[in-house]
Structure formats: structure tokens, C-alpha cells
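The next block holds one structure in the form of C-alpha cells; read it before the comments.
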There are 2 protein chains.
Amino acid sequence: MPSRGRPRNFSREEALKSAMEIFWDKGFDNTSLADLTRVMGLNPPSLYAAFGSKAKLFLEAVDLYGRTDGAGIWEFLDSAPTAKEAVHDLLRRSAENFTQWPEPRGCMVVLSAPQMEGGDAAVCDDLKARRLQKQAALQHRLERGVAEGDLPQGTACDDIAAYVTSIQHGMSIHARDGASRQTLMAIADCCAAGWDAMVDASSRKI
Amino acid sequence: MPSRGRPRNFSREEALKSAMEIFWDKGFDNTSLADLTRVMGLNPPSLYAAFGSKAKLFLEAVDLYGRTDGAGIWEFLDSAPTAKEAVHDLLRRSAENFTQWPEPRGCMVVLSAPQMEGGDAAVCDDLKARRLQKQAALQHRLERGVAEGDLPQGTACDDIAAYVTSIQHGMSIHARDGASRQTLMAIADCCAAGWDAMVDASSRKI
DNA sequence: CCTTTTTTGTATCGATCAATACATAATTGA
DNA sequence: TCAATTATGTATTGATCGATACAAAAAAGG
């Protein structure tokens, strides 16, 4: 509540959104302070006063992404009637989400991930935690499916969650490589088409 | 054939291998000239005389990767008796390959990929071409399966190739996030378990 | 020997990086 | 009106980036 002092003449929200978009496009390392101040429309001192540092700004941007553009993907996870439908919907929403701009963007959390060595440790840890958190959420949804009977007892929910997130992560790479929405949808359908047999094999392993 | 002049006192091959390993670990951007000269054991002028630039060195390093550490993954693709076995073997070899070091490395070509905007264009284009080339090779192998009868007529080989590479790319992210070899193997097995049903659905779509 | 050629090590280049110092402008509370 | 507070714009910081200038060193050709 800074009621005193000169008021800032930019919207913190809008500036953060602009930062998110360029971080999403170019990644953490390839986005310079000059890039940020340009798209955010403010000078370095204002940026640092409002967000602390480039890394903190990035973390806020990722959080914004998770609450806005990245949120829709996981919307149906818990409300889907069965685990199978939840997964199929998750992948179809991913396909849609990753290709909803002129330039396909994929998932910010996944694409910012690789090559952690040498990068900002706090940033890498945060991104990794977000990926693992989503995978855990998916695993819990699968376990609910076992409890509710739409998945057989003994299903390896951890392995299947890893399998599904693997597909989803790969879709981000494909989106960046220019894959069409149709292709990404086909990938989602491939997973769905093999689902029953896969689940069956998983539960019969033990 | 530089028969004249002072001979270099380092092995170009060994230096390139060292460069490949640190590029693999840290990526193109996060690997500095100082890093490279340190692990390669030579001074900047020697590096530039031998390799031209950081980008050219990286391209040579990626090529070396494709001919050595990354080659084994695709070894059985053409000699496998059926497309199904070829894919399953590909994914299992990937799982093995991505976790064969103390620190899991994943695939150099995939992990160096993301956030092309802002990076070196030549490097990004080369990596993208390598990914698409492998996907095309996989697609051709599937088409051979159709021709040889172990896949049904009308199978969408392009979609399935995208599906399989999506899984494989995602496995690299998982490897970086600390997934065990066992988990990656389970992912490969998930794909194999659902294979027949998936292929069947694909061929019945048309 | 001496010239030519190539590599070596040192020392550094200009550019760009993330981050700030500083003075000024704009607002509130007294 | 005036002190306190906060944000702004300009200009710049030290560090690091990728890449070189330069001269000494080490080989071959003559």
C-alpha cells in the first residue's frame, strides 16, 4: 500500500503479461533486459523496483502463465467422469493450447526446462517443481480412477502418469517444430486408442 | 594437409568430444567460451583456428553426437523384423541411452531445441532438421511395415511417427527431471502395450 | 642457415549482459 | 507550504560475452 510517493505510470499486470509473452517465446536466457524493457515499456529501474530481478520477474511470469494461458489444459482433469476421458481431454486441450497462436508456442514450463546446468538454479528448480507437480496431479487422478473402478486394481498409475506427461512434453517440442494442430490431435488420439490395452497390460504386470 | 608450420599440440577429436559433452550438459547458450576452452584444454585462438566459431563447433559437436552416443538409439530401426518391434526397441534404447550416465542427459538434439527465437538461427535450424529427419526415418520404417504386412493398410504412419517421437522427446525431459531408467522403460512399455489397438484405430479411420 | 607457414600463449577487443547511482518529477501527510 | 516518500529517465557500472591482435615458438622447404 504505497499511498505516498509518485505513482507508477504503468500497469504492473500488463507489464508482467508482456514479460510472460517474450519469455515464453524466447526463453529465460535468450530474453535480455533490453528485450524486457522494450516490450514492457519501462526503464530498468522501474523494472527492478517492481519485480526485483530478471529471475524473479521470470518466476512471476511463469506463475501468471500457470494461472492463465497454461491453466485451461488441466481444467477438466478432476471433473472428467473417468481417468481415460481425463487423460484424453488433457492431451486434446494441450494440442489446442499449443497451437492457438500464429507462431506455435508449446508449453512455457516445458520449453524453458532443458539444460539446467549453468542456468539460474532457482528458475530451473521452480520449473522442475511445476512439471513434477502436474505429473503428480495426473497420477492422483489416475489413482482416483482405480478407486472409482474405471481403472483396474494394480494399475501402475505412476508409470502411466509419466507416459502421459512424456507425450505432452513431446507435443511442446513438436509445436515448436511446426507441427499442426491436427498432428498434435492425432498424437492425443493415438494415446487414447491404445489406452485400454495399455492399462490392462499395466494392471496385469503385478 | 598442413605439412608445414607448427603442429598443434592437442587432439582435434578429443577436444571436440569434450566440447560435445559440455554442450550436451549445459546447452548452447549456457556454455561459454571460457567453459569450452577449459574442458577442451586449449586457448581461444586455437579453438577458433580449429573450429571457426562457437556455433560451428556446436554443429560439429552435434554431428559427433549423432554418429556416436546418439546413434545406438536408432540402430535396430531398419533391421527389426516388424514395425512394432522397431518402435518398442527404439523407445527402450532411448530409455537406456538417456540414463546411462551418473547425471541423466537425455537427447542432445531434443534438449538443445526449445525457444528458437533469439538463439543462433543456424544452430536451431540444424537441430530442427535433425529431429525432423529422424521422425521421417521412423515414418518410412512404419510405411515399410505397411508394405510388408505387419501394419494394416491405411495406417496413418505420419501421425504415429509423430506420436512415437513425441514420447521419445518427452523422455528426454523426464531424464533431465530425474526419472529413473525403470520409469523410462515403463513409458516405452506403455507405448508397446497399446500399440496394436492404436494401429488398428488408425487404420480404421479412413 | 633463412624464409615461410602454422600454432601457441598472452592480453585484450568492442558488444552486450544484468543491475544501479543519481538527480528530478510527482504524489501524500503534516 | 514543506518534508517525506516513491517513481521516473538518463547515464553508467563491473562482469562477462564471443571473438582477435600480436608476437613468440615450432615445424618444413629451400
Side-chain angles (χ1 to χ4, degrees), chain A residues 1-16 18-20 22-23 25-62 112 115 117-124 126, chain B residues 1-16 18-20 22-23 25-62 112 115 117-124 126:
Chain A
M1 48 281 295
S3 64
R4 303 232 303 215
R6 178 175 177 171
R8 60 164 58 112
N9 64 357
F10 65 92
S11 159
R12 196 180 189 280
E13 266 185 68
E14 288 177 15
L16 180 57
S18 298
M20 178 194 75
I22 194 169
F23 272 137
D25 274 344
K26 305 179 65 167
F28 180 74
D29 292 313
N30 280 326
T31 303
S32 68
L33 260 256
D35 291 330
L36 290 166
T37 54
R38 190 184 67 252
V39 301
M40 298 169 79
L42 39 79
N43 295 313
S46 299
L47 190 155
Y48 280 88
F51 300 100
S53 71
K54 182 189 174 187
K56 288 180 183 172
L57 172 60
F58 181 82
L59 293 180
E60 276 204 59
V62 171
S112 303
Q115 265 103 23
E117 308 296 328
D120 186 293
V123 167
C124 292
D126 181 87
Chain B
M1 49 278 297
S3 63
R4 303 232 303 213
R6 177 173 177 173
R8 61 165 55 113
N9 64 0
F10 65 93
S11 159
R12 197 180 187 279
E13 267 186 68
E14 287 178 14
L16 180 58
S18 299
M20 178 194 76
I22 193 168
F23 272 136
D25 275 342
K26 305 180 64 168
F28 180 74
D29 293 312
N30 280 326
T31 304
S32 69
L33 256 279
D35 290 330
L36 289 167
T37 54
R38 190 184 66 251
V39 300
M40 296 169 79
L42 39 80
N43 293 314
S46 300
L47 188 156
Y48 280 87
F51 299 101
S53 71
K54 183 188 173 187
K56 288 179 184 173
L57 172 59
F58 181 82
L59 293 180
E60 276 204 61
V62 171
S112 304
Q115 266 102 21
E117 309 294 328
D120 186 292
V123 167
C124 291
D126 181 87

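In this text, all values refer to a predicted model and were calculated from it rather than measured experimentally. Proteins come first, then strands; the chains are lettered A, B, ... in the order of their sequence lines, and each starts at number 1.
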L36(B) side, atom CG; F51(B) side, atom CZ - distance, nearest 0.5 Å = 10.0 Å
Indicate, with a heavy-atom threshold strictly under 4.0 Å, whether P7(B) touches base, sugar-phosphate, or nothing.
-> sugar-phosphate
Per S46(B) side chain, nearest of listed nucleotides dT8(C), dA18(C), dT8(D) = dT8(C)
Verify side chain to side chain donor-acceptor pair (under 3.5 Å) between S46(A) and N43(A), making sure each step is shown before the conclusion.
-> CA-CA 5 Å; S46(A) 299; N43(A) 295 313; 5.5 Å; no
Residue pair F23(A) / K54(A), side-chain heavy-atom distance below 4.5 Å = yes
Whole-Å gap separating P (dA7(D)) and CZ (R12(A)) = 11 Å
Calculate the interatomic distance between L33(B) atom CG and dT20(D) atom P; express it in whole Å.
-> 10 Å
Gap between atoms CG and C1', on N9(A) and dT6(D) respectively (whole Å) = 12 Å
note: L47(B), atom CG; dT8(C), atom C1'; distance rounded to Å ~ 14 Å
The side chain of P45(B) lies closest to which of these nucleotides: dA19(D), dA18(C), dT20(D)?
-> dT20(D)
Whole angstrom value for the distance that separates P of dT10(D) from CG of L42(A) = 13 Å
Does a nitrogen or oxygen in the side chain of N43(B) sit under 4.0 Å from OP1 or OP2 of dT8(C)?
-> no
Gap between atoms CZ and C1', on R6(B) and dT3(C) respectively (whole Å) = 18 Å
Give one of base, sugar-phosphate or nothing for F51(B), where a contact means two heavy atoms less than 4.0 Å apart.
-> nothing
Using 30° and 60° as the class limits, which term best fits the ring planes of F58(B) and F28(B): parallel, tilted or perpendicular?
-> perpendicular
Are the side chains of Y48(A) and L33(A) in touch, meaning some heavy atoms are under 4.5 Å apart?
-> yes
Select one nucleotide: of dA7(D), dG9(C), dA18(C), the one nearest the side-chain heavy atoms of Y48(A).
-> dA18(C)
Which part of the nucleic acid, if any, lies within reach of T37(B) when heavy atoms closer than 4.0 Å are counted: base, sugar-phosphate only, or nothing?
-> nothing
In whole angstroms, how far is the P atom of dA18(C) from the CZ atom of F58(A)?
-> 13 Å
dA7(D) base / R8(A) side chain donor-acceptor hit below 3.5 Å = no
To the nearest Å, give me how far apart CZ (R4(B)) and C1' (dA26(D)) are.
-> 13 Å
